[in-house]
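Along the sequence shown, the residues carry numbers beginning at 1.
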Amino acid sequence: MDSFTLKRIRTLLEGYIGLKVPAELRGEVRLTYQIRETTITLSEERPDWTQRAWNATEFVQFRLEDYEWRVYGKPDGDEWASLSTIAPSRNFEEVLEQVEMDTHEVIWVT
């Protein structure tokens, strides 16, 4: 990814995370992301008070494949699988928006 795209994606994710987790809950839960080459992984972190550390659970992954962003989840808990409910897009913001809407409750189970 070029530096402009990387900066744009970081800005989008920081804004998304800031809106997703209210300030008063950030001591109990936080969302983080990790970017590796053409893969972005979102994780939910919760504190482990006995270990004085945060435990992370990866829950969604964005992969840039053939110039399109594809979304992967862990429906069975262990292995990443392509989510057919979210169409690939050249625009990262579009797939992030689809993850947020998650009309099939694959990522955000309510």
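In this structure, Arg30 contributes its side chain and Pro47 its backbone to no donor-acceptor pair below 3.5 Å. No side-chain donor-acceptor contact under 3.5 Å links Asp66 to the backbone of Glu68.
Note that NZ of Lys74 is 8.0 Å distant from CD of Glu79, once rounded to the nearest 0.5 Å. With rounding to the nearest 0.5 angstrom, the CG atom of Leu64 is 7.5 Å from the CD1 atom of Ile9. Of the inter-residue distances, the one linking Leu31 atom CG with Ile17 atom CD1 reads 5.5 Å to the nearest 0.5 angstrom. Atom CG of Leu13 and atom NZ of Lys20 lie 13.0 Å apart (nearest 0.5 Å). Once rounded to the nearest 0.5 Å, the distance linking CD1 of Ile40 with CD of Gln34 reads 11.0 Å. Between the CD1 atom of Ile86 and the CD atom of Glu94 there is a distance of 12.0 Å, given to the nearest 0.5 Å.
Environment of CD in Glu24: crowded, with over 12 heavy atoms of neighbouring residues, nucleotides or ligands closer than 6.0 Å.
Residues Gly27 and Trp49 approach most closely at O-CH2, 3.9 Å, considering heavy atoms. Nearest heavy-atom pair across Val95 and Ala87 is CG1-O, 3.7 Å. The two residues Gln61 and Thr41 have their closest heavy-atom pair at NE2-OG1, 3.0 Å. Taking all atoms of both residues into account, the shortest heavy-atom contact from Leu12 to Leu96 is O-CD2, 4.4 Å. In this structure, Leu6 and Met1 approach most closely via the heavy-atom pair CD1-CE, 4.3 Å.
Each of Leu19 and Phe59 belongs to its own hydrophobic cluster when Ile, Leu, Val, Met, Phe, Trp and Tyr are linked at side-chain heavy-atom distances under 4.5 angstrom. Taking hydrophobic clusters as Ile, Leu, Val, Met, Phe, Trp and Tyr residues chained together by side-chain heavy-atom distances below 4.5 Å, Phe4 does not share a cluster with Tyr33.
Contact annotation: the side chain of Gln98 approaches that of Met101 to within less than 4.5 Å [non-hydrogen atoms, C-beta and beyond]. At a threshold of 4.5 Å between non-hydrogen side-chain atoms, the residues Glu44 and Val29 count as touching. Side-chain contact check for Arg63 versus Thr39: some heavy-atom pair is nearer than 4.5 Å.
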Pair Trp69, Phe62 - check ring pair (Phe, Tyr, Trp, His ring centres under 6.0 Å), show working. CA-CA 6 Å; Trp69 288 101; Phe62 304 90; 7.0 Å; no
Stepwise, does the side-chain contact (heavy atoms from CB on, under 4.5 Å) test hold for Ile35 with Arg10? CA-CA 9 Å; Ile35 300 174; Arg10 286 183 194 273; 4.0 Å; yes
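Checking Glu97, Glu100, Glu93 one by one against Tyr16, the side chain to side chain donor-acceptor pair (under 3.5 Å) holds for a single residue, Glu100.
In the model, Glu58 has no side-chain atom that pairs as donor or acceptor with a side-chain atom of Ser43 under 3.5 Å.
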